[in-house]
Amino acid sequence: MAKICSLAEAVESCIGDGDVVAMEGFTHLIPHAAAHEVIRQGRKDLTLIRMTPDLIYDQLIGMGCARKLIFSYAGNPGVGLLRRMRDAVENAWPKPLEIEEHSHAAMANAYEAGAAGLPMAVFRGYIGAELKRVNPNIKSVTCPFTGEELAAVPAIRPDVTFIHAQKATRRGDVLVEGILGVQKEAVLAAKRAVVTVEEIVEDFDDVHPNACVLPSWTVTAIAHVPGGANPSYAAGYYDRDNSFYIAWDKIASDRDAFTAWMKENVLEAGPDIFAERVKGL
Amino acid sequence: MSDFTPNEMMTIAAARALSNDDVCFVGIGAPSAACNLARLTHAPDITLIYESGTIGTAPSVLPLSIGDGELCKTAITTVSVPEMFRYWLQGGRVTVGFLGAAQLDKFGNINTTVVGDYDKPKTRLPGGGGAPEIASNCGEIFITLKQAPRAMVERIDFVTSMGHGKGGDDRAKHGLKTKGPTMLITDLAVWKPDPVSKEFTVATLHPGVTREQMQESCGWTIRYGDDLGETPAPTAEELEVLRDLNARTKAAHGG
């Protein structure tokens with residue numbers, strides 16, 4: 001059964017140095033508050049998995065928490081590049097970063113394979129694509145029935161997955177609504193799962209029977225962090241802070257500006273600042 | 001006819017390529033503007049799909065990301081990302097994929113991964129995202145980008161997404177049954193692949209564009225189709241709808 005506790009306690013008990021970590025949320029519901037707590041607690045040597053590293057991993061990488069990144073699209077969506085990640089890849093600042101690069105289809109399939117308890121994912125992909133040449137984890141298998149050659153990648157099995165969701169009940173069931181991304185698969189593929197939520201409610205009696213609900217026993221810890229996805233968004237609560245995504249490009253373009261921003265807004269702050277930030281969004 | 005910019009001509013020519021019956025997988029940026037312009041003008045029933053899982057979406061402003069809330073709110077349905085890539089894209093339900101490119105070669109192969117060597121890149125670009133499988137699994141591919149010698153090159157640094165490969169029947173040799181790139185829409189022209197060699201050749205030049213301008217902004221030696229024509233200029237309606245869409249988008253994103 002999921003334990004409802006503070007974010008600091010959830011992070012303290014669920015993630016260790018060197019862990020393989022997925023923080024998912026496809027543009028929507030990105031668990032920014034949880035990542036900030038991981039940074040504050042100084043976790044290091046993490047293998048970070050995320051389809052779209054986004055600002056959340058730009059920050060973890062820039063703060064030196066990561067050893068390796070597994071990803072499929074490393075842009076600031078609609079804005080440009082991820083400058084801290086790029087500085088790590090091109091200049092090893094603040095430390096070298098190993099990368100394992102895939103396509104979206106490969107990672108989505110790999111999460112699903114992880115949730116399904118399979119060792120690998122099989123799909124029709126990477127045809128004529130050069131990632132095969134540079135990523136030894138992209139292989140192929142031949143269909144035993146038709147002879148078709150298909151792409152194969154290892155299943156994703158994180159030590160711990162972090163997601164943000166709209167609601168949890170007091171007994172710890174979690175409701176995710178809107179753009180679902182790969183969150184359900186990422187939780188079911190992981191050994192441990194931490195969920196931050198906008199709201200804790202009595203029950204889900206008014207929820208549609210086919211809604212995306214993660215039962216309490218699939219989740220390790222839940223923390224109530226209103227606004228915890230900002231500058232990403234939580235459908236029904238607040239919108240994506242597109243102007244911050246644009247502003248981040250400038251902050252992240254300079255090592256000193258980045259370090260100063262992280263000091264003020266992460267190291268010397270706490271999860272309670274997120275509720276304030278989403279007012280008016 | 002009022003004046004128009006090369007960018008407006010590009011978006012309008014790209015929108016015209018889409019039909020009302022299309023199911024279109026939309027890339028972010030220039031493709032997104034073209035696809036939504038098509039929906040707001042001649043193709044009101046077009047199905048627009050974004051890789052965030054939103055199917056049949058109808059945003060009133062252009063999204064900044066492929067997962068803006070507006071896409072989900074206005075969609076017929078929103079599915080998970082694994083379902084999007086497995087059932088809908090790989091399942092063969094998408095007629096057109098609309099892609100942009102950082103680097104493009106004359107056979108429609110796209111690079112959005114690195115400039116320079118993969119291990120020691122001169123510039124690390126965002127990467128493929130959904131594009132490698134969009135390029136192979138959609139019925140056909142439209143590409144849109146602004147012409148520049150840096151963007152349209154003889155040889156791309158990295159094949160993120162396969163177009164016609166080495167040309168000719170290279171797609172078939174790779175086991176692909178889909179058509180691959182069938183149209184390239186730039187700020188200066190509309191290009192189509194030669195039926196045999198599959199090299200992009202110019203089908204129509206946008207109004208006022210010269211062959212000199214074309215060659216200056218393209219890194220390969222350009223071939224022109226035998227029946228080279230002129231792209232019809234934007235209509236007043238096309239321009240008005242596009243400008244309104246851009247103004248709403250700018251206001252919404254704090255411009």
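Just so it is clear, the structure is predicted and the values come from calculations on it, not from any experiment. Residue numbering restarts at 1 for every chain, and letters A, B, ... go by the order of the sequence lines.
- When all heavy atoms are compared, the tightest approach of A/Glu101 to B/Gly127 is OE2-CA, 3.5 Å.
- With a 4.5 Å cut-off on non-hydrogen atoms, B/Asn137 touches chain A through its side chain but not through its backbone.
- Both the backbone and the side chain of B/Gln90 come within less than 4.5 Å of a heavy atom of chain A.
- Put simply, of B/Arg86, B/Arg171, B/Met162, the one with the most heavy-atom pairs under 4.5 Å next to chain A is B/Arg86.
- Both the backbone and the side chain of B/Glu51 come within contact range of chain A, each with at least one heavy atom under 4.5 Å from a heavy atom of that chain.
- Partner of A/Phe26 under the side chain to side chain contact (heavy atoms under 4.5 Å, CB included) criterion, chosen from B/Ser52, B/Ser65, B/Ser80: B/Ser52.
- In this structure, OG1 in A/Thr27 is found 9.0 Å from CG in B/Leu71, a value given to the nearest 0.5 Å.
- Looking at B/Leu64, the atoms closer than 4.5 Å to chain A (heavy atoms on both sides) sit in the backbone and in the side chain alike.
- Ranking B/Gly130, B/Gly128, B/Pro63 against chain A, the residue ahead of the rest is B/Gly130, based on heavy-atom pairs under 4.5 Å.
- For B/Ser32, no part lies near chain A; criterion is any non-hydrogen pair under 4.5 Å.
- Heavy atoms of other residues, nucleotides or ligands lying less than 6.0 angstrom from NZ of A/Lys132 number more than 12.
- In this structure, no portion of B/Lys120 lies under 4.5 Å from any heavy atom of chain A.
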* Derivation and outcome, side chain to side chain contact (heavy atoms under 4.5 Å, CB included), residues A/Asn242 and B/Asp68 -> CA-CA 9 Å; A/Asn242 281 334; B/Asp68 279 21; 3.4 Å; yes
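- In terms of heavy atoms, B/Pro121 sits closest to A/Val89 at CG-CG1, 4.5 Å.
- Closest heavy-atom contact between A/Ile179 and B/Gly67: CD1-O, 3.4 Å.
- Between B/Met84 and A/His104 the shortest side-chain heavy-atom distance does not fall below 4.5 Å.
- With rounding to the nearest 0.5 Å, the separation of CZ in A/Arg86 from CG in B/Leu125 is 8.0 Å.
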* Test log, rule side chain to side chain contact (heavy atoms under 4.5 Å, CB included), inputs A/Leu180 and B/Thr78 -> CA-CA 8 Å; A/Leu180 299 172; B/Thr78 296; 5.7 Å; no
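- Counting all heavy atoms, side chain and backbone alike, A/Gly80 lies closest to B/Pro126 at O-CG, 4.3 Å.
- Within the model, atoms CE of A/Met107 and CZ of B/Phe85 stand 11.5 Å from one another, a figure rounded to the nearest 0.5 Å.
- Heavy atoms of A/Ala129 lying under 4.5 Å from chain B belong to its backbone as well as its side chain.
- Annotation: A/Lys68, atom NZ; neighbour count of heavy atoms from other residues, nucleotides and ligands within 6.0 Å is above 12.
- No side-chain heavy atom of A/Tyr111 sits less than 4.5 Å from a side-chain heavy atom of B/Val81.
- For the 3.5 Å distance criterion, the side chains of A/Glu130 and B/Tyr118 fail to qualify, holding no donor opposite an acceptor.
- By the 6.0 Å contact criterion, CZ on A/Arg255 is enclosed, its count of non-hydrogen atoms from other residues, nucleotides or ligands being greater than 12.
- Using a 4.5 Å cut-off between heavy atoms, A/Met51 touches chain B through its side chain atoms alone.
- At most 12 non-hydrogen atoms from other residues, nucleotides or ligands lie less than 6.0 angstrom from CZ of B/Arg155.
- Identified under the ring-ring contact (aromatic ring centres under 6.0 Å, His included) test for residues 112-140 of chain A, with sequence neighbours left out: A/Phe123-A/Tyr126.
- Contacts of A/Arg124 with chain B are made by both backbone and side-chain atoms, with heavy-atom separations under 4.5 Å.
- Contact count versus chain B (heavy atoms, under 4.5 Å) is highest, among A/Glu112, A/Gln183, A/Arg133, A/Glu148, for A/Glu112.
- Of the two parts of B/Arg124, the backbone and the side chain both hold a non-hydrogen atom closer than 4.5 Å to a non-hydrogen atom of chain A.
- Other residues, nucleotides and ligands contribute more than 12 heavy atoms inside 6.0 Å of the NZ atom of A/Lys95.
- Here the shortest heavy-atom pairing between A/Gly125 and B/Glu133 reads CA-OE2, 3.3 Å.
- When A/His102, A/Lys184, A/Glu185 are compared by the number of non-hydrogen pairs under 4.5 Å with chain B, A/Glu185 comes out ahead.
- With contacts defined as side-chain heavy-atom distances shorter than 4.5 Å, the pair A/Val182/B/Pro82 qualifies.
- Residues B/Glu70 and A/Asp239 are not in side-chain contact: their nearest non-hydrogen atoms beyond the backbone lie 4.5 Å or more apart.
- Using a 4.5 Å cut-off between heavy atoms, A/Leu82 makes no contact with chain B at all.
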